[in-house]
Amino acid sequence: MIDLKQLRENPAKFANGAKAKNVSVDIDRLVALDAERRTVGSQREALRAEQNRIAKESGPLIGKLQGQIKAAQGDAKTALEKQVEELKNKPQALKAQIQELEAKEAALDGPIRELLLQVPLPPDADVPVGSGSEGNIEIKRWNPPPSALLPKGFDTKKSFHDNKGFAPKTHMELVRDLKLCDFERGVKVAGARSYILTGMGMRLHLAVQRYAVDYMAEKHGFSPMSVPTIVREETMVGTGFFPAGREQAYHVEESKRGGGYDLFLTGTGEVGLMGIHMDEILDEAQLPLKYVTVSPCYRREAGAAGKDTAGLYRIHQFDKVEQVVICKADETESRAWHKKMIGFVEELLQSMEIPYRLLQCCTGDLGVKNADMVDIESWMPGRGAALPGGGFSGEFGETHSASRLYDFQCRRLNMRYRAGGAAGKGETVFCHSLNNTVLASPRFLIPLLEVHQNADGSVNVPPVLRKYLGGVEKIQ
RNA sequence: GGAGAGGUGGCCGAGAGGCUGAAGGCGACGGUUUGCUAAACCGUUAUACUGGUUUUGGCCGGUAUCGGGGGUUCGAAUCCCCCCCUCUCCGCCA
């Protein structure tokens with residue numbers, strides 16, 4: 001959520017931001033409604049103050065008179081009763097006016113909130129302008145150097161055949177031949193875009209996640225957390241996934257069967273992690289908070305019909321190791337964390353010798369809540385154009401996404417800290433938040449299997465993963 | 001799933017229609033005392049929105065908030081309704 005005060009002062013900034021992000025939201029209407037609301041609000045407050053003043057004055061008097069009435073008789077009693085009546089009538093007119101204004105306010109609050117939740121965070125000035133993913137810019141590419149695992153290294157500018165001396169299988173062929181995944185039965189059980197990981201497939205899936213969690217916890221000091229993946233609507237709104245992404249989330253309609261409220265399945269562990277400190281005022285000394293979780297992720301993939309239908313790329317349920325950082329409201333610090341969080345992933349990918357590139361996302365591809373976003377794409381030899389002699393050209397596929405949100409998310413979540421440390425002093429400030437994938441599987445198995453496959457159809461296991469597979473060096 | 005008890009400031013806890021943004025205690029912060037520490041004593045200690053003023057540090061004021069929302073009332077932490085949450089006992093269960 002953006003700051004309504006800032007919007008009031010500089011509506012153009014937010015209108016331009018929305019435009020750059022291809023988000024349509026009626027800023028002018030929001031500004032107008034807000035102005036009206038403020039007028040009505042101050043009127044109501046003034047009346048209310050008057051009413052409180054009168055109540056404070058006449059209250060004790062009424063009490064005293066009512067005591068006297070009990071003791072009084074005849075004319076004296078009637079006179080006292082009349083006096084009380086007059087005192088009571090005094091604020092009556094105010095009450096009616098106040099109620100009228102309150103109704104007006106309530107009628108304005110709904111639309112204001114609805115609009116406010118839709119206003120995106122304007123992209124940072126240094127984010128390249130573009131209308132969609134085609135406007136994203138490659139800012140770095142990493143190729144594995146020669147090693148025991150990849151004797152000639154791997155150059156994504158060259159064909160797979162030139163790199164390894166044979167035509168590669170796609171991950172679909174690999175998981176079929178190595179019996180790592182059963183798509184048919186997955187679909188039988190759960191419908192389209194479902195799968196069952198089997199045997200070594202499941203073990204590999206677990207191995208990469210365990211490696212990723214251990215790596216973040218042990219090497220970078222992130223606190224591992226297990227968080228809910230079925231959450232209340234407030235948490236989805238607070239983390240910024242609703243209302244814009246409502247169609248992407250599975251909806252558990254408990255209210256329809258007598259429950260008090262509905263629940264939603266989260267599409268990322270970010271929701272549970274960021275929800276932890278919702279409505280809290282943290283100590284500045286606690287910051288930055290660094291959390292890592294591994295959680296199932298559920299996505300309806302609404303609007304993606306017919307896209308990437310085969311294989312493990314686009315599926316309704318997967319598991320993801322996710323990192324979030326909650327830091328002070330300082331742009332320099334936010335930016336520094338963004339770089340670091342991307343660096344953690346680079347190091348992780350390099351340790352598994354997976355070629356990747358960094359993509360600076362353009363304004364049109366940022367999503368409502370980000371000021372800046374860098375995607376990390378891993379090399380997937382089985383994707384891309386079909387080659388004449390068989391196989392595919394290979395292509396980068398998105399495996400990670402690193403977002404920088406300033407206070408947009410924490411404002412919605414009402415997550416603040418007290419500046420200046422020690423309790424009592426210092427003002428409260430909304431925290432900044434950032435998040436990045438550490439590793440999402442089974443999607444990550446695509447580059448892992450495809451890059452490290454051998455001519456005989458077996459797949460080499462990168463050394464860093466072997467301890468999670470009982471020492472297995474090769475899947476065959 | 002059945003039965004019951006509760007939700008008050010950073011924490012504990014009183015309050016049961018007006019004198020209550022809320023006693024008291026703990027903690028924290030500032031100060032006094034002290035050779036140091038401790039103790040004692042004094043003071044300060046919620047959040048959001050908002051008006052005025054200002055030598056931009058403040059200063060003075062208003063509104064709202066006692067789990068959330070609605071209602072009764074001239075007036076609600078206190079009475080009524082709905083919801084959320086927590087705890088205890090029984091049942092079931094990975």
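Lettering follows sequence order; numbering is per chain, from 1. Everything numeric here is computed off the predicted structure, so don't read it as measured data.
- The gap from the P atom of B:rG10 to that of B:rA5 amounts to 29 Å, rounded to the nearest Å.
- In summary, of the residues considered (A:Y215, A:F344, A:Y291), a ring pair (Phe, Tyr, Trp, His ring centres under 6.0 Å) with A:F222 occurs for A:F344 alone.
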Under the 3.5 Å Watson-Crick or G-U criterion, the dot-bracket string of RNA chain B, with | for inter-strand pairs: ((((((((.[[[..)..(.....]]]((((((.......))))))((((((((....)))))))).[[[[[..)....]]]]])))))))....

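- Rounding to whole angstrom units, CZ of residue A:R53 and P of B:rG75 are separated by 15 Å.
- Relative to the side chain of A:T428, the nucleotides B:rC85, B:rU47, B:rA76 differ in distance, and B:rU47 lies closest.
- Taking a 6.0 Å sphere around CD of A:E100, one finds it holds 12 or fewer heavy atoms contributed by other residues, nucleotides or ligands.
- Taking only side-chain atoms of A:E45, from C-beta outward, the nucleotide of B:rC74, B:rC85, B:rU63 with the closest atom is B:rU63.
- Rounded to the nearest Å, the gap between the P atom of B:rU45 and that of B:rA23 is 11 Å.
- Nearest-nucleotide positions on RNA chain B for A:A46 and A:V429 put A:V429 closer to the 5' end.
- In this structure, A:Y417 has its ring center no closer than 6.0 Å to that of A:F430.
- Between the side chains of A:Y298 and A:H316, no donor N or O sits under 3.5 Å from an acceptor N or O.
- A gap of 25 Å separates the P atoms of B:rU37 and B:rU44, to the nearest Å.
- Residues from residues 4-14 of chain A placing a heavy atom under 4.0 Å of any atom in RNA chain B, listed by number, are A:K5, A:R8.
- Closest approach to the A:R418 side chain among B:rA46, B:rU72, B:rG75 is made by B:rA46 (side chain taken as heavy atoms from C-beta onward).
- Nearest nucleotide to the side chain of A:K95, out of B:rA76, B:rC74, B:rU47: B:rC74.
- More than 12 heavy atoms of other shown residues, nucleotides or ligands fall within 6.0 angstrom of atom CZ in A:R176.
- The same atom, P, is picked in B:rG24 and in B:rC41; the two are 15 Å apart, to the nearest Å.
- For A:R8, the CZ atom counts as densely surrounded, since its 6.0 Å shell holds more than 12 non-hydrogen atoms of other residues, nucleotides or ligands.
- For the P atom pair drawn from B:rG61 and B:rG21, the interatomic distance equals 16 Å after rounding to whole Å.
- Across B:rG6 and B:rA14, the matching P atoms stand 12 Å from one another, rounded to whole Å.
- Other residues, nucleotides and ligands place more than 12 heavy atoms under 6.0 Å from the CD atom of A:E280.
- Of the residues in residues 229-243 of chain A, A:R232 come within less than 4.0 Å of RNA chain B through at least one heavy atom, sorted by number.
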